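Below is one structure, written out as C-alpha coordinates; comments come after it.
Chain letters run A, B, ... following the sequence lines, proteins first, then strands; residues in each count from 1. Values in this document were obtained by computation on a predicted structure and should not be read as measured data.
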2 protein chains.
Amino acid sequence: MARPCGLVYISGWIPHVSPMFSSPPRPPASPPTRSESVIETLRSAILGGEFAPGERLHEVKLTARLGVSRTPVRSALQKLASEGLLDYAPNRGYAMRDFPVDEIISAYEVRAVLEGLAARLATERGLTAVHRALLERALADGDQLLAGGALSPVDRGVYRDVNSTIHETIHAAAGSRMLADMVRLCQHVPVSSPRNVVAFEVRDVRRRHDDHHRIVEAILSRESWRAEMLMRDHVASVKTSLIRSLTGSSTAEAAPVDGRASV
Amino acid sequence: MARPCGLVYISGWIPHVSPMFSSPPRPPASPPTRSESVIETLRSAILGGEFAPGERLHEVKLTARLGVSRTPVRSALQKLASEGLLDYAPNRGYAMRDFPVDEIISAYEVRAVLEGLAARLATERGLTAVHRALLERALADGDQLLAGGALSPVDRGVYRDVNSTIHETIHAAAGSRMLADMVRLCQHVPVSSPRNVVAFEVRDVRRRHDDHHRIVEAILSRESWRAEMLMRDHVASVKTSLIRSLTGSSTAEAAPVDGRASV
DNA sequence: TCGGGCAAAAATGTATACATTTTTGTTTGA
DNA sequence: TCAAACAAAAATGTATACATTTTTGCCCGA
(Lines give C-alpha, C1' and ligand atoms only; values in the text may rest on other atoms or scores of the structure.)
Protein backbone atom coordinates (compact mmCIF):
# COMPACT_ATOMS: atom_id res chain seq x y z
CA MET A 1 0.00 0.00 0.00
CA ALA A 2 2.90 2.31 0.67
CA ARG A 3 3.76 4.35 -2.37
CA PRO A 4 7.12 5.72 -3.36
CA CYS A 5 7.46 9.32 -2.52
CA GLY A 6 9.82 11.95 -3.74
CA LEU A 7 11.05 15.37 -2.97
CA VAL A 8 10.37 17.62 -5.81
CA TYR A 9 11.48 20.94 -6.96
CA ILE A 10 9.20 23.55 -8.40
CA SER A 11 10.75 26.09 -10.61
CA GLY A 12 10.15 29.63 -11.54
CA TRP A 13 10.58 31.14 -14.95
CA ILE A 14 13.88 32.09 -16.52
CA PRO A 15 16.26 30.83 -13.88
CA HIS A 16 19.27 32.43 -15.52
CA VAL A 17 18.13 35.94 -14.85
CA SER A 18 18.54 35.13 -11.21
CA PRO A 19 17.12 38.12 -9.42
CA MET A 20 19.94 39.57 -7.41
CA PHE A 21 17.75 39.48 -4.43
CA SER A 22 14.34 38.02 -4.64
CA SER A 23 12.73 39.31 -1.47
CA PRO A 24 9.96 40.00 -1.32
CA PRO A 25 8.94 37.71 -4.15
CA ARG A 26 6.53 39.96 -5.93
CA PRO A 27 3.32 38.45 -7.26
CA PRO A 28 2.87 38.20 -11.00
CA ALA A 29 1.57 41.27 -12.71
CA SER A 30 -1.28 39.36 -14.34
CA PRO A 31 -4.23 38.45 -12.15
CA PRO A 32 -3.69 35.13 -10.42
CA THR A 33 -5.25 32.06 -11.96
CA ARG A 34 -7.88 30.15 -10.05
CA SER A 35 -5.32 27.43 -9.46
CA GLU A 36 -3.00 29.89 -7.76
CA SER A 37 -5.77 31.28 -5.59
CA VAL A 38 -6.83 27.82 -4.53
CA ILE A 39 -3.25 26.90 -3.72
CA GLU A 40 -2.92 29.88 -1.41
CA THR A 41 -6.26 29.29 0.24
CA LEU A 42 -5.64 25.62 0.83
CA ARG A 43 -2.06 26.13 1.96
CA SER A 44 -3.19 28.60 4.58
CA ALA A 45 -5.90 26.24 5.74
CA ILE A 46 -3.41 23.39 5.97
CA LEU A 47 -0.73 25.37 7.77
CA GLY A 48 -3.44 26.76 10.02
CA GLY A 49 -4.28 23.26 11.13
CA GLU A 50 -7.77 23.11 9.64
CA PHE A 51 -7.29 19.50 8.58
CA ALA A 52 -6.59 16.67 10.94
CA PRO A 53 -3.72 14.28 10.16
CA GLY A 54 -4.95 11.59 7.82
CA GLU A 55 -8.07 13.52 6.88
CA ARG A 56 -8.92 13.15 3.22
CA LEU A 57 -9.34 16.15 0.99
CA HIS A 58 -12.02 15.23 -1.53
CA GLU A 59 -11.94 17.12 -4.77
CA VAL A 60 -15.67 17.58 -5.10
CA LYS A 61 -16.13 18.81 -1.55
CA LEU A 62 -13.35 21.34 -1.98
CA THR A 63 -14.97 22.30 -5.27
CA ALA A 64 -18.13 23.26 -3.42
CA ARG A 65 -16.24 25.00 -0.64
CA LEU A 66 -14.03 27.04 -2.96
CA GLY A 67 -16.46 27.79 -5.73
CA VAL A 68 -14.32 26.58 -8.60
CA SER A 69 -14.34 23.47 -10.74
CA ARG A 70 -12.36 20.33 -10.11
CA THR A 71 -9.57 21.31 -12.48
CA PRO A 72 -7.96 24.07 -10.40
CA VAL A 73 -8.66 22.09 -7.23
CA ARG A 74 -6.80 19.08 -8.61
CA SER A 75 -3.95 21.30 -9.70
CA ALA A 76 -3.68 22.85 -6.26
CA LEU A 77 -3.82 19.52 -4.49
CA GLN A 78 -1.05 18.17 -6.68
CA LYS A 79 1.11 21.20 -5.93
CA LEU A 80 0.52 20.97 -2.20
CA ALA A 81 1.33 17.27 -2.26
CA SER A 82 4.54 18.11 -4.07
CA GLU A 83 5.34 20.51 -1.25
CA GLY A 84 5.00 17.65 1.19
CA LEU A 85 1.88 18.90 2.90
CA LEU A 86 -0.41 16.22 1.52
CA ASP A 87 -0.13 12.54 0.77
CA TYR A 88 -1.27 11.19 -2.54
CA ALA A 89 -2.03 7.80 -4.04
CA PRO A 90 -3.36 7.13 -7.54
CA ASN A 91 -7.09 6.53 -7.62
CA ARG A 92 -7.27 7.27 -3.93
CA GLY A 93 -6.75 11.01 -3.81
CA TYR A 94 -5.14 13.30 -1.28
CA ALA A 95 -4.98 13.27 2.48
CA MET A 96 -3.51 15.50 5.13
CA ARG A 97 -0.06 14.38 6.21
CA ASP A 98 0.89 13.84 9.77
CA PHE A 99 3.83 15.82 11.06
CA PRO A 100 5.06 14.14 14.21
CA VAL A 101 7.43 16.07 16.43
CA ASP A 102 10.31 13.96 15.18
CA GLU A 103 9.73 15.11 11.65
CA ILE A 104 9.54 18.75 12.69
CA ILE A 105 12.78 18.50 14.59
CA SER A 106 14.39 16.78 11.64
CA ALA A 107 13.31 19.66 9.44
CA TYR A 108 15.39 21.97 11.61
CA GLU A 109 18.34 19.61 11.41
CA VAL A 110 18.05 19.60 7.65
CA ARG A 111 17.72 23.35 7.51
CA ALA A 112 20.74 23.76 9.73
CA VAL A 113 23.07 21.82 7.45
CA LEU A 114 21.59 23.42 4.34
CA GLU A 115 21.98 26.95 5.65
CA GLY A 116 25.44 26.06 6.83
CA LEU A 117 26.28 24.98 3.32
CA ALA A 118 24.82 28.21 1.98
CA ALA A 119 27.09 30.21 4.24
CA ARG A 120 30.10 28.22 3.10
CA LEU A 121 29.27 28.56 -0.58
CA ALA A 122 28.64 32.26 -0.17
CA THR A 123 32.04 32.57 1.46
CA GLU A 124 33.77 30.61 -1.28
CA ARG A 125 32.12 32.54 -4.06
CA GLY A 126 32.52 35.87 -2.34
CA LEU A 127 29.91 38.54 -1.84
CA THR A 128 28.99 41.02 -4.51
CA ALA A 129 28.87 44.66 -3.53
CA VAL A 130 25.10 44.51 -3.51
CA HIS A 131 24.93 41.50 -1.26
CA ARG A 132 27.46 43.01 1.07
CA ALA A 133 25.54 46.25 1.27
CA LEU A 134 22.31 44.42 2.00
CA LEU A 135 23.90 42.46 4.81
CA GLU A 136 25.55 45.48 6.40
CA ARG A 137 22.35 47.45 6.19
CA ALA A 138 20.36 44.64 7.80
CA LEU A 139 22.93 44.24 10.56
CA ALA A 140 22.82 47.97 11.29
CA ASP A 141 19.03 47.94 11.34
CA GLY A 142 19.10 45.08 13.78
CA ASP A 143 21.59 46.89 16.00
CA GLN A 144 19.35 49.91 16.12
CA LEU A 145 16.27 47.85 16.96
CA LEU A 146 18.06 46.09 19.76
CA ALA A 147 19.61 49.25 21.21
CA GLY A 148 16.61 49.82 23.42
CA GLY A 149 15.63 47.68 26.33
CA ALA A 150 12.56 45.84 25.11
CA LEU A 151 10.98 44.87 21.81
CA SER A 152 7.47 45.92 20.95
CA PRO A 153 5.34 43.60 18.82
CA VAL A 154 6.00 45.97 15.92
CA ASP A 155 9.72 45.77 16.56
CA ARG A 156 9.51 42.01 16.44
CA GLY A 157 7.91 42.20 13.05
CA VAL A 158 10.60 44.54 11.81
CA TYR A 159 13.29 42.29 13.18
CA ARG A 160 11.73 39.38 11.36
CA ASP A 161 12.32 41.27 8.13
CA VAL A 162 15.89 42.01 9.14
CA ASN A 163 16.40 38.34 9.84
CA SER A 164 14.88 37.31 6.54
CA THR A 165 17.07 39.73 4.65
CA ILE A 166 20.22 38.35 6.20
CA HIS A 167 19.38 34.74 5.54
CA GLU A 168 17.99 35.26 2.05
CA THR A 169 20.95 37.38 1.02
CA ILE A 170 23.27 34.59 2.03
CA HIS A 171 21.18 32.10 0.09
CA ALA A 172 21.36 34.34 -2.96
CA ALA A 173 25.09 34.73 -2.55
CA ALA A 174 25.47 30.96 -2.37
CA GLY A 175 24.19 30.88 -5.93
CA SER A 176 22.33 27.57 -5.82
CA ARG A 177 18.67 27.54 -6.67
CA MET A 178 18.25 24.02 -5.40
CA LEU A 179 19.76 24.94 -2.07
CA ALA A 180 17.65 28.05 -1.62
CA ASP A 181 14.48 26.22 -2.51
CA MET A 182 15.23 23.32 -0.18
CA VAL A 183 15.69 25.76 2.67
CA ARG A 184 12.36 27.29 1.83
CA LEU A 185 10.77 23.86 2.02
CA CYS A 186 12.17 23.29 5.47
CA GLN A 187 10.36 26.40 6.64
CA HIS A 188 6.99 25.22 5.39
CA VAL A 189 6.41 22.46 7.88
CA PRO A 190 3.04 22.90 9.52
CA VAL A 191 2.66 23.04 13.24
CA SER A 192 1.51 19.67 14.43
CA SER A 193 0.01 20.91 17.64
CA PRO A 194 -0.53 24.21 19.43
CA ARG A 195 2.19 23.24 21.83
CA ASN A 196 4.81 23.64 19.13
CA VAL A 197 5.77 27.16 19.99
CA VAL A 198 9.18 28.49 20.64
CA ALA A 199 9.98 30.91 23.39
CA PHE A 200 11.80 34.00 22.17
CA GLU A 201 12.97 36.31 24.84
CA VAL A 202 14.75 39.55 24.01
CA ARG A 203 17.90 37.96 25.24
CA ASP A 204 17.50 35.24 22.63
CA VAL A 205 17.00 37.78 19.86
CA ARG A 206 20.15 39.59 20.93
CA ARG A 207 22.06 36.37 20.89
CA ARG A 208 20.81 35.53 17.43
CA HIS A 209 21.63 38.93 16.09
CA ASP A 210 25.10 38.54 17.47
CA ASP A 211 25.26 35.26 15.58
CA HIS A 212 24.41 37.17 12.44
CA HIS A 213 27.27 39.57 13.03
CA ARG A 214 29.73 36.76 13.46
CA ILE A 215 28.46 34.88 10.43
CA VAL A 216 28.76 37.89 8.15
CA GLU A 217 32.15 38.63 9.61
CA ALA A 218 33.28 35.08 8.81
CA ILE A 219 31.94 35.34 5.27
CA LEU A 220 33.66 38.65 4.66
CA SER A 221 36.97 37.39 6.02
CA ARG A 222 36.67 34.30 3.83
CA GLU A 223 36.59 31.84 6.70
CA SER A 224 34.30 29.38 4.98
CA TRP A 225 34.50 26.61 7.56
CA ARG A 226 33.78 29.03 10.38
CA ALA A 227 30.88 30.56 8.49
CA GLU A 228 29.38 27.14 7.93
CA MET A 229 29.69 26.06 11.53
CA LEU A 230 28.38 29.32 12.93
CA MET A 231 25.36 29.18 10.66
CA ARG A 232 24.70 25.55 11.47
CA ASP A 233 24.67 26.22 15.14
CA HIS A 234 22.68 29.40 14.64
CA VAL A 235 19.85 27.49 13.01
CA ALA A 236 20.20 24.43 15.20
CA SER A 237 19.68 26.58 18.27
CA VAL A 238 16.05 26.93 17.29
CA LYS A 239 15.74 23.19 17.46
CA THR A 240 17.06 23.36 20.99
CA SER A 241 14.50 26.01 21.89
CA LEU A 242 11.79 23.90 20.34
CA ILE A 243 12.74 20.85 22.33
CA ARG A 244 12.96 22.93 25.49
CA SER A 245 9.49 24.33 24.94
CA LEU A 246 8.13 20.86 24.28
CA THR A 247 9.56 19.30 27.41
CA GLY A 248 9.63 21.96 30.06
CA SER A 249 7.63 25.13 29.61
CA SER A 250 9.08 28.59 29.61
CA THR A 251 7.31 31.73 30.68
CA ALA A 252 8.74 33.76 27.84
CA GLU A 253 6.67 35.28 25.08
CA ALA A 254 5.83 32.59 22.60
CA ALA A 255 5.76 32.77 18.82
CA PRO A 256 4.36 30.12 16.52
CA VAL A 257 6.85 28.01 14.65
CA ASP A 258 5.73 28.70 11.14
CA GLY A 259 8.96 29.73 9.51
CA ARG A 260 8.28 33.37 10.19
CA ALA A 261 9.87 33.37 13.54
CA SER A 262 13.20 35.13 13.56
CA VAL A 263 15.88 32.56 13.23
CA MET B 1 9.17 38.32 -15.28
CA ALA B 2 10.99 36.08 -12.91
CA ARG B 3 8.56 34.01 -10.87
CA PRO B 4 8.94 32.83 -7.33
CA CYS B 5 10.07 29.28 -7.19
CA GLY B 6 9.94 26.72 -4.47
CA LEU B 7 11.24 23.37 -3.58
CA VAL B 8 8.47 20.97 -3.08
CA TYR B 9 7.92 17.68 -1.56
CA ILE B 10 5.84 14.93 -3.06
CA SER B 11 4.49 12.40 -0.74
CA GLY B 12 3.54 8.79 -0.82
CA TRP B 13 0.66 7.22 0.96
CA ILE B 14 0.52 6.42 4.66
CA PRO B 15 3.80 7.86 5.85
CA HIS B 16 3.48 6.34 9.29
CA VAL B 17 3.82 2.81 8.09
CA SER B 18 7.30 3.74 7.04
CA PRO B 19 8.51 0.73 5.12
CA MET B 20 11.48 -0.55 6.98
CA PHE B 21 13.41 -0.49 3.83
CA SER B 22 11.90 0.84 0.71
CA SER B 23 14.25 -0.48 -1.94
CA PRO B 24 13.36 -1.30 -4.54
CA PRO B 25 10.25 0.87 -4.43
CA ARG B 26 7.76 -1.51 -5.92
CA PRO B 27 5.26 -0.14 -8.42
CA PRO B 28 1.61 -0.02 -7.39
CA ALA B 29 -0.31 -3.20 -7.91
CA SER B 30 -2.99 -1.47 -9.95
CA PRO B 31 -2.12 -0.59 -13.54
CA PRO B 32 -0.45 2.79 -13.79
CA THR B 33 -2.59 5.74 -14.72
CA ARG B 34 -1.92 7.60 -17.94
CA SER B 35 -0.50 10.45 -15.88
CA GLU B 36 2.05 8.14 -14.32
CA SER B 37 3.07 6.68 -17.66
CA VAL B 38 3.49 10.12 -19.15
CA ILE B 39 5.56 11.22 -16.16
CA GLU B 40 7.94 8.31 -16.67
CA THR B 41 8.17 8.82 -20.42
CA LEU B 42 8.79 12.53 -20.16
CA ARG B 43 11.23 12.20 -17.28
CA SER B 44 13.33 9.75 -19.25
CA ALA B 45 13.26 12.04 -22.26
CA ILE B 46 14.31 15.00 -20.14
CA LEU B 47 17.08 13.17 -18.30
CA GLY B 48 18.18 11.75 -21.63
CA GLY B 49 18.73 15.23 -22.92
CA GLU B 50 16.03 15.20 -25.57
CA PHE B 51 15.08 18.77 -24.84
CA ALA B 52 17.40 21.71 -25.19
CA PRO B 53 17.67 24.18 -22.31
CA GLY B 54 14.94 26.76 -22.63
CA GLU B 55 12.95 24.66 -25.08
CA ARG B 56 9.24 24.88 -24.47
CA LEU B 57 7.13 21.81 -23.92
CA HIS B 58 3.76 22.55 -25.46
CA GLU B 59 0.87 20.58 -24.08
CA VAL B 60 -0.83 19.94 -27.39
CA LYS B 61 2.33 18.81 -29.13
CA LEU B 62 3.09 16.39 -26.33
CA THR B 63 -0.52 15.27 -26.54
CA ALA B 64 0.04 14.23 -30.14
CA ARG B 65 3.39 12.65 -29.38
CA LEU B 66 2.17 10.64 -26.41
CA GLY B 67 -1.28 9.71 -27.59
CA VAL B 68 -3.18 10.94 -24.54
CA SER B 69 -5.28 13.97 -23.82
CA ARG B 70 -4.09 17.21 -22.33
CA THR B 71 -5.17 16.28 -18.82
CA PRO B 72 -2.50 13.67 -18.03
CA VAL B 73 0.06 15.70 -19.95
CA ARG B 74 -0.62 18.74 -17.81
CA SER B 75 -0.45 16.62 -14.70
CA ALA B 76 2.89 15.18 -15.71
CA LEU B 77 4.33 18.57 -16.62
CA GLN B 78 3.34 19.95 -13.25
CA LYS B 79 4.96 17.05 -11.46
CA LEU B 80 8.16 17.35 -13.44
CA ALA B 81 8.27 21.08 -12.79
CA SER B 82 7.85 20.34 -9.10
CA GLU B 83 10.87 18.06 -9.36
CA GLY B 84 12.87 20.96 -10.70
CA LEU B 85 13.30 19.64 -14.21
CA LEU B 86 11.04 22.18 -15.88
CA ASP B 87 10.30 25.84 -15.45
CA TYR B 88 6.74 27.04 -15.27
CA ALA B 89 4.95 30.34 -15.47
CA PRO B 90 1.18 30.86 -15.39
CA ASN B 91 -0.36 31.28 -18.81
CA ARG B 92 3.03 30.63 -20.36
CA GLY B 93 3.49 26.94 -19.83
CA TYR B 94 6.52 24.80 -19.25
CA ALA B 95 10.05 24.94 -20.55
CA MET B 96 13.17 22.85 -20.14
CA ARG B 97 15.43 24.16 -17.41
CA ASP B 98 19.07 24.84 -17.93
CA PHE B 99 21.46 23.00 -15.66
CA PRO B 100 24.77 24.79 -15.76
CA VAL B 101 27.82 23.00 -14.42
CA ASP B 102 27.69 25.20 -11.32
CA GLU B 103 24.26 23.93 -10.45
CA ILE B 104 25.28 20.31 -10.96
CA ILE B 105 28.27 20.73 -8.70
CA SER B 106 26.09 22.44 -6.13
CA ALA B 107 23.76 19.47 -6.20
CA TYR B 108 26.64 17.29 -5.07
CA GLU B 109 27.50 19.75 -2.32
CA VAL B 110 23.92 19.65 -1.13
CA ARG B 111 23.81 15.91 -1.29
CA ALA B 112 27.05 15.66 0.65
CA VAL B 113 25.75 17.63 3.62
CA LEU B 114 22.39 15.88 3.51
CA GLU B 115 23.86 12.41 3.45
CA GLY B 116 26.26 13.48 6.17
CA LEU B 117 23.30 14.50 8.26
CA ALA B 118 21.61 11.18 7.51
CA ALA B 119 24.66 9.33 8.78
CA ARG B 120 24.68 11.41 11.94
CA LEU B 121 20.98 10.94 12.62
CA ALA B 122 21.25 7.22 11.97
CA THR B 123 24.08 7.09 14.48
CA GLU B 124 22.15 9.04 17.08
CA ARG B 125 19.01 6.98 16.69
CA GLY B 126 20.89 3.73 16.48
CA LEU B 127 20.44 0.96 13.95
CA THR B 128 17.71 -1.61 14.18
CA ALA B 129 18.70 -5.22 13.80
CA VAL B 130 17.25 -5.23 10.29
CA HIS B 131 19.17 -2.16 9.20
CA ARG B 132 22.34 -3.53 10.67
CA ALA B 133 21.90 -6.85 8.91
CA LEU B 134 21.28 -5.12 5.60
CA LEU B 135 24.41 -3.03 5.94
CA GLU B 136 26.62 -5.94 6.93
CA ARG B 137 25.28 -8.05 4.11
CA ALA B 138 25.89 -5.27 1.58
CA LEU B 139 29.40 -4.69 2.86
CA ALA B 140 30.17 -8.40 2.58
CA ASP B 141 28.75 -8.53 -0.93
CA GLY B 142 30.94 -5.62 -1.90
CA ASP B 143 34.02 -7.25 -0.40
CA GLN B 144 33.38 -10.36 -2.42
CA LEU B 145 32.89 -8.42 -5.64
CA LEU B 146 36.10 -6.50 -5.15
CA ALA B 147 38.14 -9.56 -4.19
CA GLY B 148 39.06 -10.20 -7.79
CA GLY B 149 41.28 -8.01 -9.88
CA ALA B 150 38.91 -6.32 -12.29
CA LEU B 151 35.22 -5.50 -12.48
CA SER B 152 33.11 -6.71 -15.37
CA PRO B 153 30.24 -4.53 -16.55
CA VAL B 154 27.90 -6.94 -14.78
CA ASP B 155 29.91 -6.59 -11.60
CA ARG B 156 29.59 -2.85 -11.84
CA GLY B 157 25.85 -3.17 -12.01
CA VAL B 158 25.83 -5.43 -8.99
CA TYR B 159 28.04 -3.06 -7.10
CA ARG B 160 25.65 -0.25 -7.89
CA ASP B 161 22.97 -2.19 -6.07
CA VAL B 162 25.29 -2.78 -3.13
CA ASN B 163 26.01 0.92 -3.04
CA SER B 164 22.34 1.83 -3.19
CA THR B 165 21.53 -0.56 -0.38
CA ILE B 166 24.12 0.98 1.89
CA HIS B 167 23.04 4.54 1.28
CA GLU B 168 19.32 3.88 1.37
CA THR B 169 19.59 1.85 4.54
CA ILE B 170 21.31 4.76 6.22
CA HIS B 171 18.61 7.11 4.97
CA ALA B 172 15.96 4.80 6.37
CA ALA B 173 17.80 4.56 9.67
CA ALA B 174 17.96 8.35 9.85
CA GLY B 175 14.18 8.29 10.01
CA SER B 176 13.45 11.53 8.19
CA ARG B 177 11.24 11.38 5.16
CA MET B 178 12.12 14.94 4.18
CA LEU B 179 15.81 14.15 4.32
CA ALA B 180 15.52 10.96 2.27
CA ASP B 181 13.43 12.66 -0.36
CA MET B 182 15.76 15.64 -0.64
CA VAL B 183 18.67 13.29 -1.24
CA ARG B 184 16.66 11.62 -3.96
CA LEU B 185 16.09 15.00 -5.57
CA CYS B 186 19.80 15.70 -5.64
CA GLN B 187 20.30 12.56 -7.68
CA HIS B 188 17.81 13.58 -10.34
CA VAL B 189 19.78 16.38 -11.89
CA PRO B 190 20.00 15.85 -15.62
CA VAL B 191 23.30 15.78 -17.41
CA SER B 192 23.83 19.15 -18.99
CA SER B 193 26.22 17.91 -21.60
CA PRO B 194 27.77 14.64 -22.74
CA ARG B 195 30.99 15.78 -21.17
CA ASN B 196 29.55 15.39 -17.70
CA VAL B 197 30.83 11.93 -17.06
CA VAL B 198 32.81 10.77 -14.13
CA ALA B 199 35.74 8.45 -14.38
CA PHE B 200 35.44 5.42 -12.15
CA GLU B 201 38.47 3.23 -12.03
CA VAL B 202 38.48 0.03 -10.02
CA ARG B 203 40.79 1.77 -7.62
CA ASP B 204 38.09 4.40 -7.04
CA VAL B 205 35.46 1.76 -6.37
CA ARG B 206 37.72 0.10 -3.83
CA ARG B 207 38.29 3.39 -2.12
CA ARG B 208 34.59 4.11 -1.97
CA HIS B 209 33.81 0.69 -0.60
CA ASP B 210 36.42 1.25 2.06
CA ASP B 211 34.60 4.49 2.84
CA HIS B 212 31.44 2.46 3.33
CA HIS B 213 33.18 0.20 5.81
CA ARG B 214 34.42 3.11 7.83
CA ILE B 215 31.07 4.86 7.77
CA VAL B 216 29.19 1.81 9.01
CA GLU B 217 31.87 1.25 11.60
CA ALA B 218 31.43 4.81 12.85
CA ILE B 219 27.66 4.41 12.98
CA LEU B 220 27.89 1.16 14.90
CA SER B 221 30.35 2.59 17.38
CA ARG B 222 28.09 5.61 17.89
CA GLU B 223 30.63 8.13 16.63
CA SER B 224 28.06 10.47 15.11
CA TRP B 225 30.42 13.29 14.24
CA ARG B 226 32.83 10.94 12.55
CA ALA B 227 30.05 9.24 10.65
CA GLU B 228 28.81 12.58 9.40
CA MET B 229 32.19 13.77 8.26
CA LEU B 230 33.11 10.50 6.59
CA MET B 231 29.86 10.46 4.68
CA ARG B 232 30.21 14.07 3.67
CA ASP B 233 33.62 13.51 2.24
CA HIS B 234 32.52 10.23 0.68
CA VAL B 235 29.84 11.99 -1.35
CA ALA B 236 31.88 15.10 -1.96
CA SER B 237 34.60 13.02 -3.57
CA VAL B 238 32.31 12.51 -6.53
CA LYS B 239 32.21 16.24 -6.98
CA THR B 240 35.97 16.20 -7.14
CA SER B 241 35.91 13.47 -9.77
CA LEU B 242 33.35 15.44 -11.72
CA ILE B 243 35.45 18.57 -11.70
CA ARG B 244 38.51 16.57 -12.68
CA SER B 245 36.70 15.00 -15.61
CA LEU B 246 35.43 18.40 -16.71
CA THR B 247 38.79 20.09 -16.65
CA GLY B 248 41.37 17.48 -17.55
CA SER B 249 40.28 14.25 -19.14
CA SER B 250 40.97 10.86 -17.70
CA THR B 251 41.39 7.67 -19.66
CA ALA B 252 39.46 5.61 -17.16
CA GLU B 253 36.18 3.96 -17.94
CA ALA B 254 33.50 6.56 -17.81
CA ALA B 255 30.00 6.32 -16.42
CA PRO B 256 27.28 8.88 -16.92
CA VAL B 257 26.42 11.05 -13.99
CA ASP B 258 22.80 10.21 -13.63
CA GLY B 259 22.60 9.28 -10.02
CA ARG B 260 23.03 5.60 -10.77
CA ALA B 261 26.76 5.71 -10.61
CA SER B 262 28.09 4.10 -7.47
CA VAL B 263 28.72 6.80 -4.96
C1' DT C 1 13.85 50.33 -42.28
C1' DC C 2 11.97 50.48 -38.01
C1' DG C 3 8.40 50.45 -34.49
C1' DG C 4 3.63 50.55 -32.76
C1' DG C 5 -0.80 48.61 -33.12
C1' DC C 6 -4.15 45.47 -34.40
C1' DA C 7 -6.16 41.00 -35.61
C1' DA C 8 -5.61 36.16 -36.22
C1' DA C 9 -3.59 32.13 -34.44
C1' DA C 10 -2.01 29.39 -30.93
C1' DA C 11 -1.37 28.12 -26.21
C1' DT C 12 -2.87 27.74 -21.62
C1' DG C 13 -6.78 27.97 -17.95
C1' DT C 14 -11.27 26.23 -16.76
C1' DA C 15 -15.53 23.68 -16.68
C1' DT C 16 -17.87 19.56 -17.44
C1' DA C 17 -19.26 15.03 -19.19
C1' DC C 18 -17.94 10.46 -19.18
C1' DA C 19 -14.86 6.26 -17.80
C1' DT C 20 -12.67 3.70 -14.47
C1' DT C 21 -11.57 2.63 -9.86
C1' DT C 22 -12.51 2.61 -5.14
C1' DT C 23 -15.52 2.59 -1.41
C1' DT C 24 -19.68 1.44 0.88
C1' DG C 25 -23.62 -1.01 2.20
C1' DT C 26 -26.50 -4.82 1.66
C1' DT C 27 -27.54 -9.30 0.70
C1' DT C 28 -26.83 -14.04 0.92
C1' DG C 29 -24.83 -18.15 2.28
C1' DA C 30 -22.76 -21.08 5.65
C1' DT D 1 -22.89 -14.06 13.81
C1' DC D 2 -19.68 -13.81 10.47
C1' DA D 3 -17.80 -13.38 6.02
C1' DA D 4 -17.73 -13.48 1.13
C1' DA D 5 -20.11 -11.49 -2.89
C1' DC D 6 -22.39 -8.37 -5.17
C1' DA D 7 -24.41 -3.98 -6.47
C1' DA D 8 -24.94 0.83 -5.75
C1' DA D 9 -22.73 5.01 -4.65
C1' DA D 10 -18.99 7.94 -4.59
C1' DA D 11 -14.45 9.36 -5.81
C1' DT D 12 -10.79 9.86 -8.97
C1' DG D 13 -8.89 9.58 -13.97
C1' DT D 14 -9.55 11.16 -18.65
C1' DA D 15 -11.21 13.54 -22.68
C1' DT D 16 -12.98 17.55 -24.66
C1' DA D 17 -15.32 21.98 -25.42
C1' DC D 18 -15.00 26.58 -24.32
C1' DA D 19 -12.70 30.94 -22.14
C1' DT D 20 -8.88 33.66 -21.48
C1' DT D 21 -4.25 34.88 -22.23
C1' DT D 22 -0.26 34.97 -24.90
C1' DT D 23 2.06 34.87 -29.09
C1' DT D 24 2.52 35.63 -33.93
C1' DG D 25 2.35 38.01 -38.10
C1' DC D 26 0.76 41.63 -40.76
C1' DC D 27 -0.37 46.23 -41.69
C1' DC D 28 0.41 50.86 -41.38
C1' DG D 29 2.72 55.12 -40.55
C1' DA D 30 6.71 57.76 -39.42
* Which letter, B, S or -, goes with each nucleotide of nucleotides 6-15 of chain C from 5' to 3', with contact meaning a protein heavy atom under 4.0 Å? -> -----SBBBB
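Among residues two or more places apart in sequence or in another chain, the salt bridge (Lys or Arg N to Asp or Glu O under 4.0 Å) test is passed with B:E55 by none. Evaluation of the side-chain hydrogen bond (donor to acceptor under 3.5 Å, both in side chains) rule for A:S35 yields no partner, not counting sequence neighbours. For A:R137, the side-chain hydrogen bond (donor to acceptor under 3.5 Å, both in side chains) partners are A:D141, not counting sequence neighbours. With sequence neighbours excluded, the residues satisfying salt bridge (Lys or Arg N to Asp or Glu O under 4.0 Å) with A:R74 are A:E59. Remark: A:R34 engages no residue in a salt bridge (Lys or Arg N to Asp or Glu O under 4.0 Å) (not counting sequence neighbours).
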